Amino acid sequence: MNKTINQKAWFFVIPVFVLVAFNAVIPLMTVVNYAFQETFGNNVFMWEGTRWFKQIMLSERFHASLGRQFLFTFIILFIQIPLGIAIALSMPKEGMGVPVCLVLMSMPLLIPWNVVGAMWNIFALPDIGFLGHSLNALGFDYNFTQQIGDAWFTTILMDVWHWTSLVVLLSYAGLQSIQPAYYQAAEIDGASRWAVFTKIELPKMKKVLTIAILLRFMDSFMIYTEPFVLTGGGPGNATAFLSIDLVKMALGQFDLGPAAAMSLIYFFIVLLVCWVFYTLMMRNEGNQ
Amino acid sequence: MSLELKNVEKKIELETHIYPTNLKLEKNTINILLGPTLSGKTTLMQIMAGLDKPTNGEIWFNEENVTGMKVQKRNVSMVYQQFINYPNFTVYDNIASPLKITGVGSDEIKQRVGKVAELLKLSEMLNKKPSELSGGQQQRTALARALVKDSDLILLDEPLANLDFKLREELREELPKLFEDRDCIVVYATTEPSEALLLGGNTATLLEGKVIQYGKTLDVYNKPNSLVSAQVFSDPPMNITKIKKSGENCSFLDNSVNWKTKIKIKDGEYKVGIRPHNITTYKEGKNSLEIKGKVLISELSGSESLIHFTKGDLNWVSLSNGIFQKNVGDEMNLYMNADEFIYFDDKERLVANG
């Protein structure tokens, strides 16, 4: 077969390279530079080797925020995935209800993050917020600006409200792609509703659920705006997740070196967890 | 054992999916539902299985009214066009699944699964998952699930439609053997006339929700009760032309083709159906008519040649054994065997054949 040699293709490829260089490679390399250097201003930099990495890895502050981060991510995954599947299962499969449900489900996803944070902040304020005031009126001692438990409760509730829809929509798409013949075959076998769920629906949703879990893991692991607006990381450092802590270190204290090292470690943790999870989920997929 | 549909009708809102149908299927028979897509084959099967309820009419099984009885209580199995297996189970567990639910002992399950797996050439694959199998093997697994249960009624809804040509041929030849010596009624839906002829048994021709004819497959093929039934049971499509008969003399295409017939029907105009394989590039039979046609398309299918041509105002299809390559626009001689013509009256009912 004769391949035509056509150098014009570069005209289409080069702009992409330039764009990627400017929005990803160059900023990332700056961070890599900072991670190995110390500066006292005036653009004077000194080589520090792996000192910042060692410092971060051994720092209790980093361990604490990493721990909070994992705890938060696991809690929201634990709530959002089953809840999302349950909602998807109870949504109508045909008729007028379908578009209505889909639009209702998409609404929280369309709201900008900072707006979500601000909304929930006002909603949950103990004196004037609807949620906060109602809880207090019911006799609960609720104040998310003062009490650690309440702060966590509110942050998690906000994230569940904002993001469960994503799991619902993905699960719903997975469910819709199951051919009716599967349900008929199960009916002929006399399979129970639970067996239909575990033996047909869940295996058939495996791929979209993998994507849903990955997306929710990454997004929640990198969560910043919403807790920043809602609690600002407080009370104390109770809801200072990794990214909030990182911003405090980089912009609050202006410790550029340690912050750069921390963001690289942060990046590799996300990458590693995603890779391990994806490999495990797709291990038995064979040649599909 | 018999399955009887009495005046079964299916309507969804204002649309009629199945017009009132009477059908009696006997024990130990293969019954083919032959018709194009959307002719109602699947709906009819689902009503037979009990997966769907008829709007009107009754279903009787073994002299018992089973209308509205749930499918689990009916000892039915079904194979679909899509390869339906439990995705997370191994082939063994898939085949065993209908038995496990009914509570058969594990030794017996092992023995029965082994037997069915051997019959369907799956013995080597029992530990694999369906996703690791080829399409043909996945469908064999689905067939094995249907056969392992000793059902009274086995329904197959175009089971070969999603397979490629070679696998289809292979499985098609094995199918009649699978249902031998089985104490059950087999219903097999297909769009392909050749599949019906290969499986034998009985055939019901369907079109637009109506059963047009039911009888022994060869009888339905040779003596279609109407033009519609003949058309459903013909692939490539049947050639239809108007003829004039007066006495022994028949003619069509404005008297350009004439022949003598011995059939005894009134003089007048008739429609004649000519199956494509009765128009050939060589003479066949005693009563062979010659016509000149202009080639539209000429295509080969295996060792058969399909030639589409025009003659008069009509497009014709001919099917000859052997390989004949013709160019578009060529004039050529074709021969029709007048003894194989099928005659229909003005209401498209059969009046005579031969």
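Source: prediction; values computed, not measured. In what follows, chains are A, B, ... by sequence order, proteins preceding strands, each numbered from 1.
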Q) Heavy atoms, side chains only, cut-off 4.5 Å: are A:Ile188 and B:Lys149 in contact? A) yes

Q | Over 12 non-hydrogen atoms of neighbours within 6.0 angstrom of CG in B:Leu38 | A | no

Q | B:Phe83 versus A:Tyr182, closest heavy-atom pair with distance | A | O-OH, 3.6 Å

Q) Within a reach of under 6.0 Å around CZ of A:Phe277, are more than 12 heavy atoms found that belong to other residues, nucleotides or ligands? A) yes

Q) Is it the side chain or the backbone of B:Gln46 that comes within 4.5 Å of chain A heavy atoms, both, or neither? A) side chain

(Q) Does atom NZ (B:Lys6) have a neighbourhood of more than 12 heavy atoms from anything else shown, all under 6.0 Å? (A) yes

Q | Neighbour count above 12 (heavy atom, 6.0 Å) for A:Trp161 CH2 | A | yes

Q: Verify the neighbour count for atom CE of A:Met57: are there more than 12 heavy atoms of other residues, nucleotides or ligands below 6.0 Å?
A: no

Q.
Ignoring hydrogens, what is the shortest heavy-atom contact between B:Ser97 and A:Asp189? Give both atom names and the distance.
A. OG-OD2, 3.8 Å

Q.
Taking side chain as everything from C-beta outward and backbone as N, CA, C, O, which of these in B:Asp157 sits under 4.5 Å from a heavy atom of chain A? Side chain, backbone, both or neither.
A. neither

Q) Which distance, rounded to the nearest 0.5 Å, do you find between the NZ of A:Lys199 and the CG of B:Asn85? A) 15.0 Å

Q.
Please classify the contact of A:Ala195 with chain B as side chain, backbone, both or neither, using a heavy-atom distance under 4.5 Å.
A. neither

Q.
On a heavy-atom basis, which atom in B:Ile101 and which in A:Gly190 lie closest, and how many Å separate them?
A. CG2-O, 4.2 Å

**Q.** Side chain, backbone, both or neither of B:Arg74 within contact of chain A (heavy atoms, under 4.5 Å)
**A.** neither

(Q) Around atom CD of B:Glu118, are there more than 12 heavy atoms from other residues, nucleotides or ligands closer than 6.0 Å? (A) no

(Q) Looking at B:Glu208, I'd like to know if its CD atom is crowded, meaning that more than 12 non-hydrogen atoms belonging to other residues, nucleotides or ligands lie closer than 6.0 Å. (A) no

Q) B:Val71 versus A:Gln184: any side-chain heavy-atom pair under 4.5 Å? A) no

(Q) Need one label for B:Lys73: side chain, backbone, both or neither, based on atoms under 4.5 Å from any heavy atom in chain A. (A) neither

Q) Which heavy-atom pair separates A:Ala191 from B:Tyr86 by the least distance, and what is that distance? A) CB-OH, 4.5 Å

Q) Has B:Lys70 got more than 12 heavy atoms of other residues, nucleotides or ligands less than 6.0 Å from its NZ? A) no

Q) Is a side-chain donor-acceptor pair under 3.5 Å present for A:Gln179 with B:Tyr80? A) no

